[in-house]
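Everything below concerns the one structure shown next.
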Amino acid sequence: MRVDSKVRDIVARVFDGHHLTRDEIFSLLKITPHSPDAGFVVVSADRINRAASKGKAEVHAQIGLNLSPCPNNCSFCAFAAKNNVFTENNELSVEDVTQLALRAEGEGANAIFLMGTGDYPHGKFMEISREIRKTIKPETVMIANIGDFGPQEAKQLREVGYAGIYHAVRMGEGRETKINPETRLNTIRAAREAGLLIGTCVEPIGPEHSMDEVVEKILIGREMEPCYSGAMRRITIPGSEMEKYGMLSEYRMAFLVAVVRLAMGRELIGNCTHEPNILGATAGANLFWAEVGTNPRDTEVDTSKGRGLDVRACIKMFREADFDMLQGPSAIYSKKNSI
Ligand code: SF4
């Protein structure tokens, strides 16, 4: 079985330190699944990934603070008002969030994410953030995963002790969501100007998306100069308008994780996949999320009783994929490791 010389040349350019062009990324995405070329891409991404993070994987713990029928109505999200999964507001108390953060920290999470829905009040988010910052170890990295915001809010996030944010121009943004892609980019600019690092991901990908759009979102992510990218599949919310499309397999997602890993260049330390799975960890992912509280991919109020894995389960998966675990604060959310 031979690997196509064009595929070999494209991958060699990544090993030589180049950033792939739009056409090169597209060529990789078009490779026939289950082929020698596809296998070569996955193995190459795995090699680059392990080298970039010195063989050490990270687990970040996300605490979903609240549920609300969110008016932004992203079609793929369990919180979207139109999906009728959650019809009442519900939120964790500061005490609950504190306990969850301490537990995640104790279990070895390299960063703690606080996540609020797109309509979660910024003032309340800051109050909880201050409490958590005071409670957890000073060196533990805190990341905000919230809706769009401007320069003022970005500055406040930095002042309260956040190292970065998670944000993405998502698949179907402006089409499957009511949010203009430019609004997402403005948030990212505001965050960067305030000194916050940006984690991003090509998400949520479903069978309904074209490879053209996957390339577009990979490049948008690369232009953000993030501290990591990656790929995540769309999880079907029962009864949603996306249900008819089904979902991508973990096998297919692992290939997309590999292409994103190569497209981001050999220097970028981090590459994520979600939800955690061993195939992804052997195809270019070195970052998983453990989840508790609310989760936009779950119909359970507390995702630890549903789709969410805890920190220990994520670590176990990485160990099964022959990774060592980074001990202590995230190296991915570190200024020196961003591109
Ligand atoms: S993804 Fe965020 S903004 Fe969109 S509906 Fe869900 S909570 Fe609201």
Check your understanding: Can you check side chain to side chain contact (heavy atoms under 4.5 Å, CB included) on Glu91 and Tyr120, steps first, answer last?
Key -> CA-CA 10 Å; Glu91 56 191 76; Tyr120 193 71; 4.0 Å; yes
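- Remark: His209 NE2 to Glu203 CD distance equals 10.5 Å, nearest 0.5 Å.
- Within the 4.5 Å cutoff, no side-chain heavy atoms of Thr177 are placed close to those of Asn72.
- In terms of heavy-atom proximity, Ala263 sits nearest to Ile25 at CB-CD1, 3.7 Å.
- Counting only heavy atoms from C-beta outward, the side chains of Phe125 and Leu157 approach each other to under 4.5 Å.
- Salt bridge status for Arg50 with Asp46: present, with a side-chain N to carboxylate O gap under 4.0 Å.
- There is a side-chain donor-acceptor pair under 3.5 Å between His274 and Arg297.
- Using modelled atom types and a 3.5 Å distance limit, the side chains of Ser129 and Tyr162 yield a donor-acceptor pair.
- Between the side chains of Gln62 and Asn145, at least one donor N or O lies within less than 3.5 Å of an accepting N or O.
- Looking at Gln152, Glu127, Gln156 one by one, the single match for side-chain hydrogen bond (donor to acceptor under 3.5 Å, both in side chains) with His122 turns out to be Gln156.
- Judged purely by distance below 3.5 Å, without hydrogens or angles, the side chains of Lys82 and Ser75 pair a donor atom with an acceptor atom.
- Side chain of Arg133 to main chain of Pro138: a donor-acceptor pair is present (N/O by atom type, distance under 3.5 Å, no hydrogens or angles).
- Val141 has its side chain out of reach of Ile112: every pair of non-hydrogen atoms, C-beta onward, lies at least 4.5 Å apart.
- Without hydrogens or angle criteria, Ser53 side chain to Ile269 main chain gives no donor-acceptor distance under 3.5 Å.
- Neither side chain, Thr183 nor Asp148, offers a donor N or O lying under 3.5 Å from an acceptor on the other.
- Rounding to the nearest 0.5 angstrom, the gap separating the SG atom in Cys227 from the CD1 atom in Ile143 is 7.0 Å.
- The side-chain heavy atoms of Ile128 and Glu131, taken from C-beta on, include no pair separated by under 4.5 Å.
- The two residues Leu268 and Ser229 have their closest heavy-atom pair at CD2-N, 3.9 Å.
- Screening Glu176, Glu243, Glu208 for a salt bridge (Lys or Arg N to Asp or Glu O under 4.0 Å) involving Arg234 leaves a single residue, Glu208.
- Using a cutoff of 4.0 Å between basic side-chain nitrogens and carboxylate oxygens, Lys137 and Glu105 are not scored as salt-bridged.
- The side-chain heavy atoms of Val202 and Met171, taken from C-beta on, include a pair separated by under 4.5 Å.
- Pairing each heavy atom of Glu58 with each of Asn110, the nearest pair is CA-OD1, 3.3 Å.
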TODO: Could you check Ile205 against Leu256 for side chain to side chain contact (heavy atoms under 4.5 Å, CB included), going step by step and ending with a plain yes or no?
DONE: CA-CA 9 Å; Ile205 314 175; Leu256 298 179; 3.9 Å; yes
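- Taking the six-membered ring for Trp and thresholds of 30 and 60 degrees, Phe79 and Phe86 have ring planes inclined between 30 and 60 degrees apart.
- The number of heavy-atom neighbours closer than 6.0 Å to CZ of Arg189, taken from other residues, nucleotides and ligands shown, is above 12.
- Note: Glu225 CD to Ile188 CD1 = 12.0 Å, rounded to the nearest 0.5 Å.
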For a side chain to side chain contact (heavy atoms under 4.5 Å, CB included) check, start with the C-alpha distance between Leu20 and Leu28, then their side-chain angles and the critical distance, and finish with the verdict. CA-CA 10 Å; Leu20 299 182; Leu28 296 183; 3.8 Å; yes
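- Below 30°, between 30° and 60°, or above 60°: for Tyr228 and Tyr333 the angle between ring planes is above 60°, a perpendicular geometry.
- Side-chain atoms of Asn66 do not come within 3.5 Å of backbone N or O of Gly116 as any donor-acceptor pair.
- Under 3.5 Å, the side chains of Asp298 and Thr303 contain a donor-acceptor pair of N or O atoms.
- Salt bridge Arg307/Glu275: present, at least one basic N to carboxylate O contact under 4.0 Å.
- Both Ile146 and Val292 belong to a common hydrophobic cluster when Ile, Leu, Val, Met, Phe, Trp and Tyr are linked at side-chain heavy-atom distances under 4.5 angstrom.
- In this structure, Arg22 and Glu216 approach most closely via the heavy-atom pair NH1-CA, 4.4 Å.
- Residue-environment remark: CZ (Arg2) stays at or below the threshold of 12 foreign heavy atoms within 6.0 Å.
- To the nearest 0.5 Å, atoms CD (Glu95) and CG (Leu92) are separated by 10.5 Å.
- The distance from the CE atom of Met115 to the CG atom of Asn295 is 6.0 Å, given to the nearest 0.5 Å.
- Nearest heavy-atom pair across Ala190 and Ala154 is O-CB, 3.5 Å.
- Under the 3.5 Å distance criterion, with hydrogens and angles disregarded, a donor-acceptor pair is assigned to the side chains of Asn49 and Asn286.
- Side-chain atoms of Asp324 do not come within 3.5 Å of backbone N or O of Lys56 as any donor-acceptor pair.
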Note to self: Is there a ring pair (Phe, Tyr, Trp, His ring centres under 6.0 Å) between His60 and Phe288? Walk through the geometry before answering.
What the structure shows: CA-CA 6 Å; His60 297 178; Phe288 286 162; over 10 Å; no
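- Judged by distance alone, the side chains of Thr117 and Asp119 do bring a donor and an acceptor atom under 3.5 Å apart.
- Under a cutoff of 6.0 Å and an axis angle of 45°, Arg266 and Phe15 do not form a cation-pi pair.
- Lys244 places a side-chain N or O within donor-acceptor distance of the main-chain N or O of Glu241, the cut-off being under 3.5 Å.
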* Show your reasoning for whether side chain to side chain contact (heavy atoms under 4.5 Å, CB included) applies to Met142 and Phe113. => CA-CA 6 Å; Met142 270 176 71; Phe113 280 50; over 6 Å; no
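- Asp37 contributes a side-chain N or O that, together with a main-chain N or O of Asp4, makes up a donor-acceptor pair within less than 3.5 Å.
- Here the side chain of Glu213 pairs a donor or acceptor atom with the backbone of Gly172 at under 3.5 angstrom.
- Sparse packing is recorded around CZ of Arg47, with 12 or fewer heavy atoms of other residues, nucleotides or ligands lying under 6.0 Å away.
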Run the salt bridge (Lys or Arg N to Asp or Glu O under 4.0 Å) test on Glu300 and Lys305 for me, step by step, so that the C-alpha distance in whole Å, both residues' side-chain angles and the decisive distance to 0.1 Å come before the verdict.
CA-CA 7 Å; Glu300 286 283 343; Lys305 299 189 174 68; over 6 Å; no
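- Side chain of Arg222 to backbone of Pro226: no donor-acceptor contact under 3.5 angstrom is found.
- Counting heavy-atom neighbours within 6.0 Å of Glu88 CD, excluding the residue itself, gives a total of 12 or less.
- Side-chain contact between Leu287 and Ile332: present, with at least one pair of heavy atoms (C-beta onward) separated by less than 4.5 Å.
- Summarising the geometry, atom CD belonging to Glu267 is positioned 8.0 Å from atom NE2 belonging to His19; distances are rounded to the nearest 0.5 Å.
- Looking at every heavy atom in both residues, Ala231 comes nearest to Val260 through CB-CG2, 4.2 Å.
- Within the 4.5 Å cutoff, no side-chain heavy atoms of Pro69 are placed close to those of Val85.
- A side-chain donor-acceptor contact under 3.5 Å links Ser304 and Asp302.
- The side-chain heavy atoms of Ile136 and Thr98, taken from C-beta on, include no pair separated by under 4.5 Å.
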